[in-house]
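Here's the structure we're looking at; comments come further down.
Chain letters run A, B, ... following the sequence lines, proteins first and then strands; every chain starts at 1.
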Amino acid sequence: MTKQSSKWLKDLNPEQKEAVQIIKGPMLVLAGAGSGKTLVITRRIAYMQSKGIKPTSILAVTFTNKAANEMRERLADMIGQAAQKVTLSTFHSLGLMMLRTELARRKKSSRFVVYDTADQLACLRELNRRIRLGRSFDLGAILGRISAYKNAFLEPKDVCPTEDEYDQAAAVFYPAYLEAMQAYAAVDFDDLICLPTKMMEKSEACRKRWSTRFRHVLVDEYQDTNGAQLRMLRGLAGKHRNLCVVGDDDQSIYGWRGAEVRNILQFEKDFPGCRTIYLMRNYRSVASVLTLANQVISQNENRHPKKLLPTRQSGERVKIVVSEDGESEAVWVAERVAQLVEDKRYKFSQVAVLYRSNLLSRTLETAFRSNRIPYRVHGGQSFFDRKEVKDLIAYLKYCANPADSISLRRIINWPSRGIGPTTLGRLSSWAETQDVPLFRAVGRANKILAPADRALSAIAGFNALITKTRRTLKGGVALANSVTKLVEQIDMHEEINKACESGKEVERRWESITDFIDGLKAYAKNKPKASLRDFLSQISLNELEEDSADESGNRATLSTLHGAKGLEFPLVFIIGLEEGYLPHDRVLNPHATDVQSGDIAEERRLCYVGITRARDELVLTRADKRLVNGKFRERAPSRFITELPDDILEVDDLTQALAPQDARKKLAEIKALLNN
DNA sequence: TGCTATGTTATTTTT
DNA sequence: TAACATAGCA
């Protein structure tokens, strides 16, 4: 073995070594939480390179862009420049890249835009006007079903009729949706996986191109892949079989959006002769945390039975703190954090508070603010989801792709310029009968509307604005300038002014716009060659890095349990350990609209993921009652706690903290204080 | 056409 | 509770 190669095996345990060293053929790495998974993946790539494999022939797929960036950084620390040559991306950006490349190859236009969920819903809303099924449907539920059809590669004609009325509605919407998306020249997230996969399945030459380009494929978080992604992998790596997947069935938490745990449980069947490696030594958490984690997850069935093995000392017993209500829970956590930081036990940045639902972050934020604890909320509403930013993006999308009627509808009367529903209705029915995109009608409005129509001049103004903007939007550094101009021309500031109640609100919203333009500037500076369309797809795929300046700041993290996947913190709080949150109410009482009913096992895995984020100290909390939908409700402790052996948790019941005589004493103390 | 008031209605997780 | 939609009114 060369010196170069052995360098990448240093300080690894035997299983890790094996996972790094065997680079040919299919491999399944079952990597428990905190078992050095990222280390193994990056070392493996470095090792491959040292063995003469070209970095350009390596593809590593991760679940989120953040994970991809992180991995690239760690890889760059190891192999420097060569790290840039490795293709490291999410399934979705990989699919987009493949799609663009293939279309260019076939000399077809790649003038499409990527629709995010909000755009998809707008598209369905549009169709809903036309389709008008007897009653109103939850369009989100329909969208979920359409997504399921797509991921199963079902054509509208293949959709089997069922009794469920949502299934029936979705079957009606499905062909219309496909048609509309085609007309808008738009693709959705599912298309980014399915279209390139279909291309590979249809054309052996195409499949070969990609599987030769990527001779070695690595997939992280394999437990979160869905059926379509498996099919994509089959196309890429089915022949050369140099496919290494890494994951943990116990951390599968995206079943609700179509992830198939089955993929990881059956990998050995899908790729016979595969090597399976267990990474079960945990280097992250103290033993007490691992005991709890193992206990919680062992209640699940249908899993590879396994246990995390501690390598660190025992640590303190995990506490469960019981508060009176949600507010006192949040206050207790905030005060505790403040105390521990003041005692120099932790820095703010070492602390995370995790919860099942975003709803719970509100009270927490209030409590943190009043305790002057700096924090950042991970997840939640994204910057690009804010209304004003979305409006601005709609302008850009329309400029990039006039066929995008959804964006056109969004902006044609925003800010209001007197092009109301009546006018729009006339234009769109003309477009529909002529079977052309809406923008054609907008372009020829003077032929369609009555000559005296007051909307005509408004439309002319709108068209002029777009033409002018489009000319300047060619990309590069000029991008930010022309967006600034656009913002001035539509007088966005005034528009925001009108829409807001308070001056503070105006300030906040206006800041989003300036932030957006700043982001655009930074982007153009980084990638001077990038086009407007590149920029837009990066936004849809969440690929833009957030400002890294405040990431390094010393702040506590508030995050959903889902958002915390892959992260670790010395001190972790998990709040709301109650029936209704963990497991979530939606799982206990499924709705008729749900595509698939969730399952308790996934909720338990979510709990497990949360627990295993903690390095040194873990605190669980719950409240006896809580404000739910504006009403106080009694809350029962989570079954994930009550099903555990008694001695595993230390109970700290704040509601029982004061016996009556103590309470009287306390009261006297307070009175004395007041009298002073 | 736009605004306001009223009612309604849902409240999980996100590439 | 609060966000959102729709109907009704100016």
Quiz prompt | All side chain to side chain contact (heavy atoms under 4.5 Å, CB included) counterparts of A/S89, not counting sequence neighbours | solution = A/S93, A/L94
Exercise. Name all residues meeting the side chain to side chain contact (heavy atoms under 4.5 Å, CB included) criterion together with A/R454; count only those two or more places apart in sequence or in a different chain, and write none if there are none.
Key: none
Exercise. Sticking with atom C1', work out how far B/dT12 lies from C/dA5, rounded to a whole angstrom.
Key: 23 Å
Self-check item: A/K150 NZ - B/dT15 C1' separation (whole Å)
Solution: 14 Å
Practice problem: Nearest whole angstrom, please: distance from the C1' of B/dT15 to the CD of A/Q223. | Solution: 15 Å
Practice problem: Within residues 252-259 of chain A, find the residues that approach DNA chain B with a heavy atom at under 4.0 Å, and present them sorted by residue number. | Solution: A/Y254, A/W256, A/R257
Quiz item: Taking the side chain of A/R362 as heavy atoms from C-beta outward, which of B/dT15, B/dG2, C/dA3 is closest to it?
Solution: C/dA3
Quiz item: Using a cut-off of 4.0 Å on non-hydrogen atoms, how would the nucleic acid contact of A/S93 be classed: base, sugar-phosphate, or nothing?
Solution: nothing
Quiz item: Between atom NE2 in A/H562 and atom P in B/dT15, what is the gap in whole Å?
Solution: 11 Å
Exercise. Using atom CG of A/L354 as one end and atom P of B/dT12 as the other, report the distance to the nearest whole Å.
Key: 19 Å
Quiz item: Would you call the rings of A/H493 and A/W510 parallel, tilted or perpendicular, where under 30° means parallel and over 60° means perpendicular?
Solution: perpendicular
Enumerate, atom names and distances included, each donor-acceptor pair closer than 3.5 Å involving a side-chain atom of residues 418-427 of chain A, sequence neighbours excluded.
none

Practice problem: Would you indicate what A/F63 reaches in the nucleic acid, counting non-hydrogen atoms under 4.0 angstrom: base, sugar-phosphate, or nothing? | Solution: sugar-phosphate
So which protein N/O to nucleotides 6-11 of chain B N/O distances come out below 3.5 Å?
{"unit_1": "B/dT11", "atom_1": "N3", "unit_2": "A/N629", "atom_2": "OD1", "d": "2.3"}
{"unit_1": "B/dT11", "atom_1": "O4", "unit_2": "A/N629", "atom_2": "OD1", "d": "2.5"}
{"unit_1": "B/dT11", "atom_1": "O4", "unit_2": "A/N629", "atom_2": "ND2", "d": "2.4"}

Practice problem: Choose from B/dT15, B/dT1, B/dG2 the nucleotide whose nearest atom is closest to any side-chain atom of A/T422. | Solution: B/dT1
Quiz item: Taking atom C1' of B/dT14 as reference, at what distance in whole Å does atom CG of A/L143 sit?
Solution: 13 Å
Quiz item: Looking at A/Y177, does the NZ or CZ of A/K150 lie under 6.0 angstrom from its six-membered ring centre and within 45 degrees of the ring axis?
Solution: no
Practice problem: For A/D190 and B/dT15, give me the distance from atom CG to atom P, rounded to whole Å. | Solution: 14 Å
Would you mind writing out the side-chain donor-acceptor pairs for residues 254-261 of chain A within the sub-3.5 Å range, not counting sequence neighbours?
{"unit_1": "A/W256", "atom_1": "NE1", "unit_2": "A/I253", "atom_2": "O", "d": "3.0"}
{"unit_1": "A/E260", "atom_1": "OE1", "unit_2": "A/R262", "atom_2": "NH2", "d": "2.7"}
{"unit_1": "A/E260", "atom_1": "OE2", "unit_2": "A/R262", "atom_2": "NH2", "d": "3.4"}

Exercise. Tell me, please, whether A/F153 has A/R231 positioned over its six-membered ring: NZ or CZ under 6.0 Å from the ring centre and within 45 degrees of its axis?
Key: yes
Exercise. Can you tell me the distance, in whole Å, between the CG atom of A/D325 and the P atom of C/dT1?
Key: 14 Å
Quiz item: Taking CG from A/D224 and P from B/dT14, how many angstroms apart are they, rounded to a whole number?
Solution: 12 Å
Quiz item: Is the ring centre of A/Y581 less than 6.0 Å from the ring centre of A/Y355?
Solution: no
Practice problem: Find which nucleotide of DNA chain B each of A/A455 and A/E602 is nearest to by heavy atoms, and output the residue with the more 5' nucleotide. | Solution: A/A455
Self-check item: SB check A/D325 A/R635 (cutoff 4.0 Å)
Solution: no
Quiz item: Hey, what's the ring geometry for A/Y115 with A/Y184, parallel, tilted or perpendicular (30° and 60° as the breaks)?
Solution: tilted
Quiz item: Between A/N65 and A/R417, which is nearer to the 5' end of DNA chain B once each is assigned its nearest nucleotide?
Solution: A/R417
